[in-house]
Chemist: 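The following block contains the structure, expressed as structure tokens.
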Amino acid sequence: MVDDSASEQARRPVVQALAAVLVFAGVAGVLWAQAALHGSSDEGPASCSSDRHKPGKHVSAARLCTALNRSDLPVLLGTPQEQAEIAYGSESSAKDADGTKTPSSEAEVDLKTYSVKLWASDDDLRVREFSGLFASDMESRKVLGHPAVLYSDNTISLRFNLGGGKIDSGPGGIARHLLVARDPKDGGGSLEIAVWRQDDVPPDDTALFRVAERVLPTVPGWTGG
């Protein structure tokens, strides 16, 4: 196992992404709780909390949520009859080998058929460094003139046995990820977007690219190509 600083930094963003996606199945009680926290779909599309974005490199989770929770998101996903049922963001940080903490933000929007997640990474690593390093199916792509990597990840399925009070976990469906450089020159920092389906059917790559091309340019710090 290599434990030098460069290797630790190179692993961090994709490892975070691989560990971040969860798909919940058979969770009537959990869905009820989420509806209570974020608003029932019967009351209209879920909304994000708001904040005052401060100028700088770091993008807040609330701002990511606002960028992702677009009114046309269901159309971009190919499910125009649906609406956002849950929308939220969260903040975290990762510690480098030298003890430096790098902030990280993420946001998720769930619909009946699809879930979409967006991450923002503030590190100095370049997207092209990841191609072929972490997953055998990583493909180099371009998104609006920015270097990008397309890859797959298995979600985790959590099943709640409300009667027995147990939680069973197992492999879920496939999530498709796009890791995209924030600027065309790939000078460091990235945005990552992932889509997966609630029924474990493989998601549509066309939908993923449609969402990425509309959402990413609206995130603070994105530089046009």
Side-chain angles (χ1 to χ4, degrees), residues 1-2 6-24 59 64 67-68 73 76-78 90 92 94 102 104-111 113-158 169-217 219 221-222 225:
M1 178 178 179
V2 179
S7 297
E8 288 295 333
Q9 287 182 329
R11 283 197 297 268
R12 187 182 65 248
V14 174
V15 169
Q16 287 178 332
L18 293 177
V21 179
L22 296 177
V23 174
F24 298 92
V59 183
L64 285 182
L68 186 60
L73 182 62
L76 297 175
L77 291 169
S90 61
S92 62
T102 302
S104 178
S105 305
E106 63 183 56
E108 182 174 323
V109 176
D110 298 327
L111 292 77
T113 300
Y114 274 101
S115 287
V116 190
K117 198 160 189 174
L118 176 63
W119 294 264
S121 177
D122 295 331
D123 56 41
D124 296 324
L125 297 174
R126 297 182 178 182
V127 167
R128 59 172 56 96
E129 296 173 9
F130 298 114
S131 183
L133 291 179
F134 296 95
S136 60
D137 69 338
M138 275 191 165
E139 305 173 29
S140 295
R141 296 294 184 93
K142 285 276 189 178
V143 175
L144 300 176
H146 292 223
V149 172
L150 175 68
Y151 69 97
S152 296
D153 179 26
N154 281 102
T155 64
I156 300 172
S157 178
L158 299 180
S169 64
I174 297 295
R176 292 291 276 169
H177 292 248
L178 263 178
L179 182 67
V180 186
R182 288 195 182 190
D183 66 82
K185 295 182 179 180
D186 197 11
S190 61
L191 298 171
E192 183 164 3
I193 194 163
V195 299
W196 67 95
R197 290 177 58 109
Q198 313 298 357
D199 55 10
D200 293 345
V201 173
D204 180 8
D205 279 355
T206 303
L208 171 60
F209 277 89
R210 278 198 304 262
V211 173
E213 290 173 356
R214 292 293 185 90
V215 169
L216 298 184
V219 177
W222 174 270

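Every heavy atom of this structure was used, including side-chain atoms; hydrogens, water molecules and symmetry mates were not.
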Chemist: Identify the heavy atoms of Ala212 and Pro217 that sit nearest to each other, and give their distance.
Modeler: O-CD, 3.8 Å

Chemist: Within the 4.5 Å heavy-atom criterion, are Leu77 and Val195 side-chain neighbours or not?
Modeler: yes

Chemist: Is the number of heavy atoms from other residues, nucleotides or ligands within 6.0 Å of NZ (Lys185) greater than 12?
Modeler: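 Counting other residues, nucleotides and ligands, NZ of Lys185 stays at 12 neighbours or fewer.
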
Chemist: Minimum heavy-atom separation for Ser121 and Arg182, please, with both atom names.
Modeler: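 Closest approach of Ser121 to Arg182, heavy atoms only: O-NH2, 3.5 Å.
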
Chemist: In Å, rounded to the nearest 0.5 Å, how long is the span from CG of Leu111 to CZ of Arg197?
Modeler: 11.5 Å

Chemist: Taking Ala181's backbone N and O only, do any of them form a donor-acceptor pair with His146's side chain (distance below 3.5 Å, no angle check)?
Modeler: yes

Chemist: Run the side-chain hydrogen bond (donor to acceptor under 3.5 Å, both in side chains) test on Ser115 and Gln198 for me, step by step, so that the C-alpha distance in whole Å, both residues' side-chain angles and the decisive distance to 0.1 Å come before the verdict.
Modeler: CA-CA 7 Å; Ser115 287; Gln198 313 298 357; 2.5 Å; yes

Chemist: Any heavy-atom pair between the side chains of Leu216 and Val180 that's under 4.5 Å?
Modeler: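 They are in side-chain contact.
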
Chemist: Looking only at heavy atoms, which two atoms of Ala120 and Ser104 are closest? And how far apart?
Modeler: O-OG, 3.6 Å

Chemist: Is it true that a side-chain atom of Ser105 and a backbone atom of Val59 form a donor plus acceptor pair closer than 3.5 Å?
Modeler: yes

Chemist: For Leu150 and Leu208, run side chain to side chain contact (heavy atoms under 4.5 Å, CB included): C-alpha distance rounded to whole Å, both residues' side-chain angles, the deciding distance at 0.1 Å, then the answer.
Modeler: CA-CA 10 Å; Leu150 175 68; Leu208 171 60; 3.8 Å; yes

Chemist: Got Leu191 and Trp119 here, is their nearest side-chain heavy-atom distance under 4.5 Å?
Modeler: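 A side-chain contact is absent here, since even the closest heavy-atom pair is not under 4.5 Å.
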
Chemist: Around Arg210, counting heavy atoms of other residues, nucleotides and ligands shown, do more than 12 lie under 6.0 Å from its CZ?
Modeler: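 Enclosed: over 12 neighbouring heavy atoms sit under 6.0 Å from CZ of Arg210.
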
Chemist: Check for a donor-acceptor pair, side chain of Asp186 on one end and backbone N or O of Arg126 on the other, with a separation under 3.5 Å.
Modeler: no

Chemist: Which atom pair, heavy atoms only, marks the closest approach of Tyr114 to Pro203?
Modeler: CE2-CB, 3.8 Å

Chemist: Give the intermediate values and the outcome of side chain to side chain contact (heavy atoms under 4.5 Å, CB included) for residues Val211 and Leu73.
Modeler: CA-CA 7 Å; Val211 173; Leu73 182 62; 4.0 Å; yes

Chemist: For side chain to side chain contact (heavy atoms under 4.5 Å, CB included), just list the numbers for Asp110 and Val116, CA-CA rounded to whole Å, side-chain angles, deciding distance to a tenth of an Å, and then say yes or no.
Modeler: CA-CA 6 Å; Asp110 298 327; Val116 190; over 6 Å; no

Chemist: Pro184 and Pro147: which non-hydrogen atoms are nearest, and at how many Å?
Modeler: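 Heavy-atom minimum between the residues: O-CD, 3.4 Å.
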
Chemist: Please determine whether side chain to side chain contact (heavy atoms under 4.5 Å, CB included) holds for the pair Ile174 and Trp196, giving the CA-CA distance in whole Å, both sets of side-chain angles, and the decisive distance to 0.1 Å.
Modeler: CA-CA 6 Å; Ile174 297 295; Trp196 67 95; over 6 Å; no

Chemist: Just how far is it from atom CG of Asp204 to atom CZ of Phe209, taken to the nearest 0.5 Å?
Modeler: 10.5 Å

Chemist: Could you tell me whether the side chains of Glu106 and Ser92 share a donor-acceptor contact shorter than 3.5 Å?
Modeler: no

Chemist: Please report the closest heavy-atom contact between Glu192 and Leu179, naming both atoms and the distance.
Modeler: OE1-CD1, 3.4 Å

Chemist: Look up atom CG in Leu68 and atom CZ in Arg214, then write down how far apart they are to the nearest 0.5 Å.
Modeler: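 These two atoms lie 14.0 Å from each other.
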
